[in-house]
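To start, the structure itself, in structure tokens.
Just so you know, these numbers use all the heavy atoms, side chains as well, and skip hydrogens, waters and symmetry mates. Note that the numbering runs from 1 along the sequence shown for the chain.
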Amino acid sequence: MLTIILCVYNEFERLNLAYDDLKEVLKTFDETTEIIIIDNGSSDGTREWIESLKDHGVIKVFNEHNIGKGGSIRKGIKIAKGDYILIHDPDLEYSATDIPCLWRTVKENNSDLGLGSRVLGGENISYKYFQNYLGVAILTKLINLLYNSTISDPATAMKLMKSTFIKQLNLTNTGFNLDFELVVKTLHMGGFISETRISYFPRTKAEGKKLRAWKDGLASLVTIIKVKFSERADMSN
């Protein structure tokens, strides 16, 4: 089974389109799938749209207040029943059409974690803010230096994980830095990471972009260093 986690916060104008795209892609899957939608305290009609969704088998989780994107993802991982877990941002920056290719790469390589890279190959890279691109590039180089890896995009919001491996990790972050925690703890524990190039359609803050470059970047830097110099990545009981 493949579990797909959709974390949302005030995405009323985009969620329905992203959800429809996802459902079309899943029609091509032979595997059983479950969808978990986690609303992080939305106030723009997103929660009401989710509540009105009639699809059977969709698990709906409503946080009464904003617990952070990372907090929502951790909650989704905990309740997921799938053998594999996919994190997919339903904000139209990422396309569901890239999921099958990512799925094939992970299965063919028996990966513990598959990253949908926005920059693999170095061509047609799309970013709205140069500081975001530069920050991720610097943090990526640091990860590759400290963990002897060759990954290109640890910050991607499209991640496909082997459930038995990821559920062992004691994930602690609640913000966007959970993206980095997933990667560095996988590397620290000797997990195998594969990457697949995906499309990316970034938006501006005026269009709803929620990332805070400097604050989130600093938190991610702390996570990278903290995990590296811990005696071992904590494993959950």
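- Classified by interplanar angle (parallel below 30°, tilted 30° to 60°, perpendicular above 60°), the ring pair Y94/Y200 is tilted.
- A donor atom on one side chain and an acceptor atom on the other are found under 3.5 Å apart for N63 and S72.
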- [ ] Just do the side chain to side chain contact (heavy atoms under 4.5 Å, CB included) check on L2 and W103 with the steps written out, would you?
- [x] CA-CA 10 Å; L2 171 64; W103 172 255; 3.8 Å; yes
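- Residues K69 and D89 are paired through a salt bridge, judged by an N-O separation under 4.0 Å between the basic side chain and the carboxylate.
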TODO: Give the intermediate values and the outcome of side chain to side chain contact (heavy atoms under 4.5 Å, CB included) for residues V136 and I138.
DONE: CA-CA 5 Å; V136 172; I138 292 172; over 6 Å; no
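- Residues Y9 and D39 are not in side-chain contact: their nearest non-hydrogen atoms beyond the backbone lie 4.5 Å or more apart.
- Placement of L6 and F29 within a single hydrophobic cluster is found when ILVMFWY residues are connected by side-chain heavy-atom separations under 4.5 Å, directly or transitively.
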TODO: Assess whether side-chain hydrogen bond (donor to acceptor under 3.5 Å, both in side chains) is satisfied between S152 and E195, documenting all intermediate values.
DONE: CA-CA 8 Å; S152 66; E195 292 189 289; 2.9 Å; yes
Open item on the list: Walk me through whether V106 and S194 qualify under side chain to side chain contact (heavy atoms under 4.5 Å, CB included).
Closed with: CA-CA 7 Å; V106 167; S194 61; 4.1 Å; yes
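- There is no side-chain donor-acceptor pair under 3.5 Å between N109 and S111.
- Ring geometry, H188 versus Y147: the interplanar angle exceeds 60°, so the pair is classed perpendicular (tilted spans 30 to 60°).
- Counting all heavy atoms, side chain and backbone alike, P90 lies closest to V8 at CG-CG1, 3.2 Å.
- Considering I99, L115, I87 in turn, I99 is the only one that fulfils the side-chain contact (heavy atoms from CB on, under 4.5 Å) rule with M158.
- For K60, the NZ atom sits in a packed shell: over 12 heavy atoms of surrounding residues, nucleotides or ligands are nearer than 6.0 Å.
- Side-chain atoms of S199 and S95 include no donor-acceptor pair closer than 3.5 Å.
- Shown here is E13, whose CD atom has no more than 12 heavy atoms of other residues, nucleotides or ligands within 6.0 Å.
- The shortest side-chain heavy-atom distance between T174 and I67 does not fall under the 4.5 Å cut-off.
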TODO: Output, in order, the C-alpha distance, side-chain angles, deciding distance and verdict of side-chain hydrogen bond (donor to acceptor under 3.5 Å, both in side chains) for S149 and N144.
DONE: CA-CA 4 Å; S149 58; N144 288 335; 2.7 Å; yes
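- Listed here is the closest heavy atom pair of G191 and F165: CA-CZ, 3.8 Å.
- With salt bridges taken as basic N to acidic carboxylate O contacts below 4.0 Å, one links D153 and R118.
- Summarising the geometry of E34 relative to I59, their closest heavy-atom pair is OE1-CD1, 3.6 Å, with the distance given to 0.1 Å.
- Looking at L86 and K159, their side chains never come closer than 4.5 Å, going by heavy atoms from C-beta outward.
- Nearest heavy-atom pair, I85 versus S163, reported as atom, atom and distance to 0.1 Å: CD1-OG, 3.8 Å.
- L146 is listed as a side-chain neighbour of L142, based on a closest heavy-atom distance under 4.5 Å.
- Within the 4.5 Å cutoff, the side chain of L22 has heavy atoms near those of the I35 side chain.
- Under the 4.5 Å side-chain criterion, counting only non-hydrogen atoms from C-beta, I166 is in contact with T186.
- Environment of CG in N148: sparse, with no more than 12 heavy atoms of neighbouring residues, nucleotides or ligands closer than 6.0 Å.
- The existence of a salt bridge linking D83 and K162 is excluded, since no basic side-chain nitrogen approaches an acidic carboxylate oxygen closer than 4.0 Å.
- Under the 4.5 Å side-chain criterion, counting only non-hydrogen atoms from C-beta, T196 is not in contact with L120.
- No more than 12 heavy atoms of other residues, nucleotides or ligands sit less than 6.0 Å from atom CZ of F12.
- Residues T156 and V119 are not in side-chain contact: their nearest non-hydrogen atoms beyond the backbone lie 4.5 Å or more apart.
- No side-chain N or O of E181 forms a donor-acceptor pair with one of T223 less than 3.5 Å apart.
- A single hydrophobic cluster is seen to contain both I4 and L53, as judged by linkage of ILVMFWY side chains at heavy-atom distances under 4.5 Å, directly or through other members.
- Heavy atoms only, all atoms of each residue included: L102 and G116 are closest at CD1-N, 4.1 Å.
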